[in-house]
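Computed over heavy atoms, backbone and side chain alike; hydrogens, waters and symmetry mates excluded. Here is the naming used below: chain letters follow the sequence lines, and residue numbers restart at 1 for every chain.
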Amino acid sequence: MSHEKANSLESARARLAGTRGREFWRSLEELAGDPSFQEVLEREFPAGASEWGEGLDRRRFLQLAAASLAFAGLSACTRQPLESIVPYVRQPEEIVPGRPRLFATAMTLGGYASGLLVESHEGRPTKIEGNPEHPATQGATDVFAQALILGLYDPDRSQLVLEAGEISTWARFIARMSAALPALQANGGAGIRILTGTVTSPTLGEQIRALRTRFPKMGWVQYEPVSRDGARLGARLAFGVPVETRYDFAKADVVVSLDADFLVEGPASVRYARNFAANRRVRVGHERMIRLYAVESTPTATASLADHRLGVPPSEVPFLVWALAAEIGVTGVELPKALPEERARFIREAAADLQRNSGHGIVIPGDYAPAEVHVLAHAINERLGNVGTTVLRTDPVEVEPVDQVASLSTLVDDMRAGRVDLLAIVGENPVFDAPADLEFKEALLKVPLRLHLALEEDETSQYCHWHLPEAHPLEAWSDARAYDGTVTVMQPLIEPLYGGRSAHEFLSVFLDDPPRRGLEILREHWRLMAGREDFETLWRQSLHDGFVVGSVFGPRKFALRKPAAAEAVSAIRAAARDATAAAATAGGAPTDRFEIVFRPDPTIHDGRFANNGWLQELPKPLSKMTWDNAAYLAPAAARRLGVASGDLVAIEAGGRAIEAPAWILPGHPDGAVTVHFGYGRTACGRVGKGTGFDAYPLRSSAAMWSHPGGTIFKIPGRRDLACTQEHFAMEGRDLVRVGTIARFQKDPEFARKMEEAPGRDLNLYPGFNYEGHAWGVSIDLSVCTGCNACVVACVAENNIPVVGKDQVRRGREMHWLRVDRYYEGDSESPDAHMQPVMCMQCEQAPCEVVCPVGATSHSSEGLNDMVYNRCVGTRYCSNNCPYKVRRFNFLQYSDEKTPVLKLGRNPDVTVRSRGVMEKCTYCVQRINAARIAAEKEDRPIRDGEIKTACQQACPTQAIVFGDINDAQSRVARLKAEPANYGLMEHLNTRPRTTYLAKLRNPNPDLEPEKT
Amino acid sequence: MAQIFHRSTNTISRVSIYAAVFIAAGLAWVLMALDRSPYTTRQGIVLGQPVPFSHEHHVSGLGIDCRYCHTSVETSWFAGMPPTATCMNCHKLIWKDSDMLEPVRASLREGRPIVWTRVHDLPDFVYFDHSIHVAKGIGCASCHGRVDEMPLMRQSAPLQMEWCLDCHRHPERRVRPRDQVFDLAWQPVDQATLGARLVREYGIRSARDLTSCSTCHR
Amino acid sequence: MKRKPPRLYGLLAEFGSPQELVEAAEAARSSGYRRLDAFTPFPIERLSEALGHRPSKVPMLVLIGAILGALLGYGLQYWISAVSYPLNVGGRPYNSWPAFIPVTFELTILVAGVFTVLGMLALNGLPTPYHPVFNVPRFALASRDRYFLCVESKDTKFDEAATRVFLEGLRPSGVFDVEW
Amino acid sequence: MKDKPPLIAPGYTSATVTDKISAVVLRGTPRWWFAAFGAAFLLVMLFLFTLGHLFLKGVGIYGVNIPVGWGWDITNFVWWIGIGHAGTLISAILLLLRQEWRNSINRFAEAMTLFAVACAGVFPVVHLGRPWVMYWLFPYPSTMGVWPQFRSPLVWDVFAVSTYATISLLFWFVGLIPDLATLRDRSRNRFARIVYGMLAMGWRGSARHWHNYESAYLMLAGLATPLVVSVHSVVSFDFAVGIIPGWHSTIFPPYFVAGAIFSGFAMVLTLAIPLRALFGLEDFITDRHLQNMAKVMLATGLIVGYGYFIEIFMAWYGDNKYDMYMTVNRMLGPYAFQFWSLIACNVVVPQLLWIKRARRSPAFLFVIAIVVNIGMWLERYVIIVTSLHRDFLPSSWGMYSGTIWDYSTFIGTIGVFLALMFLFIRFLPMISIFEMRAILPEAKVEGGKE
C-alpha cells in the first residue's frame, strides 16, 4: 500500500512539475488525492462521542430533560448578586487603586537576559512588554517572554519542599544542610557538585566564586540542552581564547546565514530582527534592501525572508562553508572537490556578492552549527574586513564559558565513580534532557545526597532526595547579562506565590549562616561592583531603567590563529571520512538512512515550557502544528518512505529508537529528518503531559545537534495532529503579494494592480465619514518573520483562552491574531510567505450587517466593536467574515475554576464566557486608556502613543497602528506607500488593516528578473 | 339536540376573548416594570454594612470633601475606598471607644480589611472611569445623588444602560463647572446655556462618539 | 307601544335537500318575511342571494388591517434604527429602507390576517355557544345532511299560527318551535 | 372531469361522508395508534434529553466550528420550513385556483405545516450560543435601550416564521370551525361535546355565517399566498445576503420557494399514502389526488433542477474565480458525494414521474417522496457546508461533520413532528368534512335568479 501512496505522490510531483512561474501549488497530499489526507480532512466523524462526559444514568437523563424544560421558563428579569468591596488597611503610598504600574525587569533563556517591562495591577503582574530603553533588546520580545506571565501563575508549578517525596520545609532543609556541610567541607568539598545552566549573572558568578573559596575542591558544572557549544568551541579554536561574537545588521548589505535561525531564535534574535528589518524595509525614496542568502539543514522562519535559500543535509553544511571560505580566498583553504554545480554556483554568487560588499557583509553561523563552521565563518568575516563594522567581537558574556557537554560527561563519570557526595541541580532537568548516551539517571542514583531546585516537580526531582520549589523569574531578585554584556536587573513583581526561592537564595544556604534573601545578596554584590560612594544612585537608577548604564561590552580586537582555517577544513574532511566509514558498517537499507537534525521546539523550547498552554497552543511557525512535535521530512523523502503526515515512523540512531508521527515539510532537505526537543515529558503539569514524543533518546554527547547516520522506517499507526492551517496554497488568489525590488522600481504600484479594488464611490448607500480619529493598521510583509511574538502578545493582552488539542483539531482555536503561511513554487524548495491576519475592521463590515442583535457595530472612530455581553451566538457574523478572524466560545473555554489564573488576567478586557463571539478589537482598551489620559490633559492623542499588543511585541516592527486621518502619522504615511494593498479589497469591505507587499531582493546573477 | 352550554356562556366567552388581550398586555407591562423596579436595580435600598457609616454626618455635618476618602477619583477609573488608616486618622482621637467603630479598630489592630458591601455595582463587562467623568464636569451627585443627605448609603440612580445612555446622549443636561463637581448641593441657574457652553469648553465628545459600544464595553 | 316578548324565538322548517331549502327561502322572502335565517351543512351561494344578504364587510376590515400593519412595520424599524439608537452598522445608513422591507411586509400580512379572522367572528356574532335553535333536537343534523329555514318571531310579519301554516305550505319534512 | 377519475368515489352522500370522516375521531382508538404514538413519544424524550445536554454544555457539542459556523442546525431549520410550505400552499393557492381536488388533502396538509414550522422553530433557538437570551431578537423596550438589528436576515426570519406560524394556525383553525361544529353535534361523549362545542364557538352553519366565512376564508388565502412565497424567500436571504461564494446569489429566493413546495408535496405524499391506507380513506384521497401531487412534484422538481444548473452556469459565466472554485469544489471536493446524491435525489429520480404508471402506483410514489425528502435535506446541507468550508482565505479553510448530538436533535424533532401528527389525526378530522360535502353532486343547486 505504501507503493500506491508513493505513486499518488508521484503523480502530485508530476503535476507540480507542470506548474511554473507565479503559479501557486496546493498542499501536497491533497493534490495527490492521498486517502490519508481525506482522513485528516474528515476529522473524526463521531466527534460527539467525547462530549458525553460522565456516563449517562437515569438521573442525568431526567436532569437534562428537566433542564431543557426549565429553560423554557427563563425570564427576562436578571438581578446581579451582591458583591463586596475590600479596601486596604494601610494603602501603600505609591499605589493608585485601578492604575496599572510598569516595572523594569528581565528574563533569561539559555542564561542570556532580555530586558522586560511588566505591567502590574494592584501588585498582580498581567502583561509583559520589552523594555524599550534596554540597549540590547530595545523593547522587542519573543514568544517566551510574552508567555512568561502564564508560567508565573501556572497552578502546576511545584509548591512544596519535598524530602524523599514527603512534604517538608525550607527551615528543615537548611537545618539538614548546615548539619551535612562540615563533613563535606573536610576534604575541601571534593564531593560537592553544583549543576547549573549557562550562567551570565554576575551575582551568581560571585556566589559560586565564594563557594569555591569555601569548598576549594568542589565542582561547578554548567549544562543545558540548548546551549552554544559550537560557537564557544569555534571561538576557542579560532582565537585560543573564549570570544563572544555579535553582529550589527544595521550596517550590513549582504548576509550569508549558515544554518542560522538568527531572526527568530537565540539570545540576540529580537535585536538582530529589528536591525535586519530596518535595513530591509523599502519605502519610496529609500529603495535599498539587505540581501539574505540562507544555507540551512532544516527550514527556518528566518529563511522565509531569504532571497536565496539552499537546503542541504547537515553534513553538507561544513563543505559549503569550506567552499565559501575558498571562494572568498581565506588563506590555506582551497575549494573542496565534487560540489554539485547548483550548490557551487550558489556559493560562488554569494561569495562574489560578499566581496562586492566587503566590510558591509555578514557571514553568520548558527548556534547549533559545528565548531569548524564557526571557525571558517570567523576567518571569512576576517578576510572580508567585516570585523569591526558589522561583526563585533567581545569578551565572553558568560561568567565562565565551558564546553557544557564535556563538563556534564565529567560529572557523570565522577558520579559513576562515586566521587560525588552531594549534587545540587539548580533549575535544570538533566534526567530528561541530558544526552542519552551519558545515562545520567543511572549515574545520578549513585550520589548519596541529591538536591533539586526547580520550578516544577519534573523528571529529575523524582530521583532527588530534596526537591525545592524555585522562585519564578518574576518572583525573585537577580541579575544577568544580555547577549551584548549589558548587566540587566531582575526585580520581583510579586511575593513568591508558592514559597519558591531563587538560585541565589539556594546557594546562600551553603554560603551564609543564616541564609540571606535575594535582595540582600544582590545589593551586597553590587555594592562591591560599584565601589562605596555612588552605590545608592546606581542602584536606584538601574532598578528604574532595568539595566546598568554602560555595562555593554565594547568590541575588542582578537587575533585569529593563522592555522585555524586549515585545521577546520581538515577536521571537516576527517568528520566526513568517519561518517562514510560508519555508514558502510551501519545496517539498514541505504534508502532508510537519514541524517537527523535536532532542534529545540520553536514554542516549548527544550521542554521547560511544556506546561505553558499559550506556548503549547501556539502554531509552530512553519508547520502550524500545535500541541505536538513531529518528524519533519522532505516531500521526496516521505514519498520514498511511503508515509503521509501523521503516519508513525520509527527513528533509530546510535542503537536507540523512538516513534514519531511524520510531517511533510516542504523545503526540508532530502536525506535528513528534523525532530524537536521538549515534548514527551513524563513528569510535568496537566497541560504538558502526554503531548508529543521525546526526541532526547536519540541525542548523544557526540552528536548534539545532528546525527549523521540515523535510519527511519514506517510503522503501523497514525497520530492525529492538531494543525491550525491545513491548506498552504493561495489558489491563485492575491493574498500575499510578492515582488522583487526591481519590479517595484519599475512599477511601484504592481501590488495594487494585482486585484482591482472598487472605487469608494461605487456604493448603493452613501458611506459614513469619520471625522476625528480613524484607527488603522499597516503590516509590512517584507519584514514579517512569522515568529509569533504578536500572537502570544495578543493572547496575553486580551485574556484569550486555551482550548486544548481536541478543540484545535475541530477548528476552534481562539487566537484573534494568526500568522498565515503560504507556499509558492516548487515543493522541494518553495518560498514561504508569512501573513499576520487579525480583524480588518472593515468600514463596510459584512459581519455587522448580519448580526440580529447589533452585538457588533461600528464605533465613531471606525472600530468594528464587538460587544460580548450582547452577543447571542448565531455565528452568522463569522460565516459572513471573508477573513475568518472571528472566534467563537463553543464551550466554556476560559478557566473560571482555577483562582490563581484569574490573577493574571487583564482587568481591562472582559473575560468571555461560553456562547459568545469574540475577535480582535485593535486593543480598544489601550485606545480608551490613551484617550482618557489625553483628554484629562486637554491634548490630542499623540501618534505612537497607542501601541497595540501585537505591534509592541513585534521584533521587526512590521505592525504599525495609528490614526489614518492624521496625514502625518506613521500609519497614514505607510498606507500612502504604493506597495500598500488591502486583503480581499474587491469585496468592497474597505479594510482598515492593510498590507505592504512583500519585496524580495534576489541576486540578478542567481535569479534573473522574469518578464 | 339539547343545549350544551348555558346562556351566560355567550357573554363569558366573548368577554374572555377581549380580556385575554388585556391580560397579555398587562403581563408584559408587569415584566417591564419589574425589570426597572428597585427589586432589580437595588435603587434606594440600604444594604447591610459592617459599620453604619453616615455620609450625611461626615459630609454635610463635618464638611469633609469627597476626595478625602475617595482619593483616586480624579486619577483612576476607581474612585478609591478609604483604607482603615484613613478612618483612624480621626477616630483614634474622637469616638475612639464607641462600639459602633469596633470593627474599624479591629481592622487596624489585626490588619484585616473591612469588607463593605458594594452599593454602586456595575456589571463586569462595563468599563466606567471616574476620572474622565470628573474631568469632564460630571458631578458626583449626578450619579450618586445627594450623598450628603444619606445617613446610610444607598444607590440613587438605576444604573441601567438606558440611564447611562440618556446622559451620554445629552451630556449638556448634566455637565457642570469643574469646580462644582464635588459640591453635592450645587444647582444650575440656567443649565440650557451653561450646558451648551461647558460641552464646548470641556470638549465633550458627540453623542455618536459617546454611544459607540466600545466607549463602555470591551 | 311595547309588545310582551313572544313565546318563541321562531319557527324552524326542515328540508331534505339544498334545492328545496333555497326555493323555500325564496318563497318566504317573496311573501314578505325579512327576519329569516337558513342553516346548512355547507356553504350555498344562492342561499345568500335568496335571503338578500349584502356583500360581506370582511374585505374592508382586511384592508384596514393591512394598512395598519404596514405602517406599524416600517414605523417600528425606522424609529428603532434611526431615532431610538442609531448605530453605524457596516457603514449602512441609519434608515436603510431596502433592508426594512421584509419585516414591513410580514407585519402587513400578520395584522391583516388577524383582522380577517376576528372580523369574521365579530360579524357572525361568534362565539355563541348558546343559541335558541340548538333547543330543536333535530337541528343537530344541520351539520350533517339536513337543511333548515328559520323565521324569527322578531319579524313584523311573524304570527305563530299563520307563519306555521305558511311554512307547512313549503312541504318541509317538519316544522318545529324554537324555544327561547 | 371527463375521463378523469372522480374526486370522491361514487355513491357517497353528505351523510355518509360526514359519518365516515367523523368516525375516525369519534370511534375508539385503533391499537396501532398507541404503538405509533408511544414510539414518537420516546423520540420526544430523546429530544428533551439532547436539549438538556446542550444547555448544560454549550453549542460546542455540535460539529460546528470556524469556518463552518452552521451545520445540521440550520440545515434542519430550512428543511423543516420547506416542508411547512405545502400545507398553506395547497389550502391557499389551490383554493384561489379553484382546484377542488385540494379539499380532501388540505386539512392535514395544513396540520403538517403547523407541526413542521414548530419543529423548524426549534433550530434557530438551539443553534444559538446563548439560547437563554433568544428573546433579544424581538423588539421590546429593554433596560439596555438597545434593539434588534433590522438589517439582519435573521431578524427577518423571526418575523417571517412567526407570522407564517400565526397565519397558518388561524387558517387551519378557521377551516376547522364548521367541522368542530359537526363533531360537537355528532359526539355522544359529554366531555368531547363540551370541548368541541367551545372550539366551534357556537357555529350554526347559518347562511350569514357561511356568507362572511367564505369571504374571510378567501381573504386569508389571498394573504397566505404571498406570505408562503415570502417566507422561504426570506429564509433564502439568510444565505443570499451573505457574501460567501455559494451563498451570495440572486436566484436563491425563487428556487428556494420551488424547493420548499417540492419537499412539501413530497412530505404530504409521505404522510397521505400510509394514512389513507390505515383509515381506509382511499375513497376520499383517491389516486387522482396522488397523481396531481406527483405532477406538482415533477414540476417543482424541474424548477429546482434548473436552479442548480443556472447556479453552475452563472459561476462559469460570471467568471469570478471564487465562485468558480466553490462550484468545482462542490462537485469534486470532499463533499462531492453529498452533492451528487442530492442531484440524484432531486433531479434524476423525480424524472420517473413522467411515466404514468409510476404516478399511478402509490407504493412507488411513496418511495420517490422519501427520496425527495432526503434529497432536499442534502441540498441545504451542501449549500451551507460546502460554501462555508472553503471560502476566501485558504488559510482558514476547514472541514465539517455532524456529531451524535446533531443527529439526536434532528431525530428528536422528527419525533415531535410525528407525535403532534398522531394527536391530530386522533382528535381532529384529518379531512375537511364540509368542503367534502360541498363537492358532492347533491350539493349542486340548479336554477336561480336571473
Original post:
To the nearest 0.5 Å, how far apart are CD in A/Q844 and CZ in C/R92?
Top reply: 6.0 Å
Original post:
Using non-hydrogen atoms only, which part of A/E843 is less than 4.5 Å away from chain C: side chain, backbone, both, or neither?
Top reply: backbone
**OP:** Report yes if some heavy atom in the side chain of A/Y765 is under 4.5 Å from a heavy atom in the side chain of C/P98; otherwise report no.
**Re:** yes
Subject >> More than 12 heavy atoms of other groups within 6.0 Å of C/W97 CH2 >> reply: no
Original post:
Is atom CZ of A/F768 surrounded by more than 12 heavy atoms (other residues, nucleotides or ligands) closer than 6.0 Å?
Top reply: yes
Original post:
In this structure, are over 12 heavy atoms from other groups packed under 6.0 Å from C/R54 atom CZ?
Top reply: no
Original post:
Taking all non-hydrogen atoms of both residues, which atom of A/S857 and which atom of C/L87 are closest, and how far apart?
Top reply: OG-CD2, 3.9 Å
Original post:
Would you say C/K57 has more than 12 foreign heavy atoms packed within less than 6.0 Å of its NZ?
Top reply: no
Original post:
With a cut-off of 6.0 Å (strictly less than), are more than 12 heavy atoms of other residues, nucleotides or ligands near CD of C/E45?
Top reply: no
Original post:
Distance from A/S860 atom OG to C/N88 atom CG, nearest 0.5 Å?
Top reply: 9.0 Å
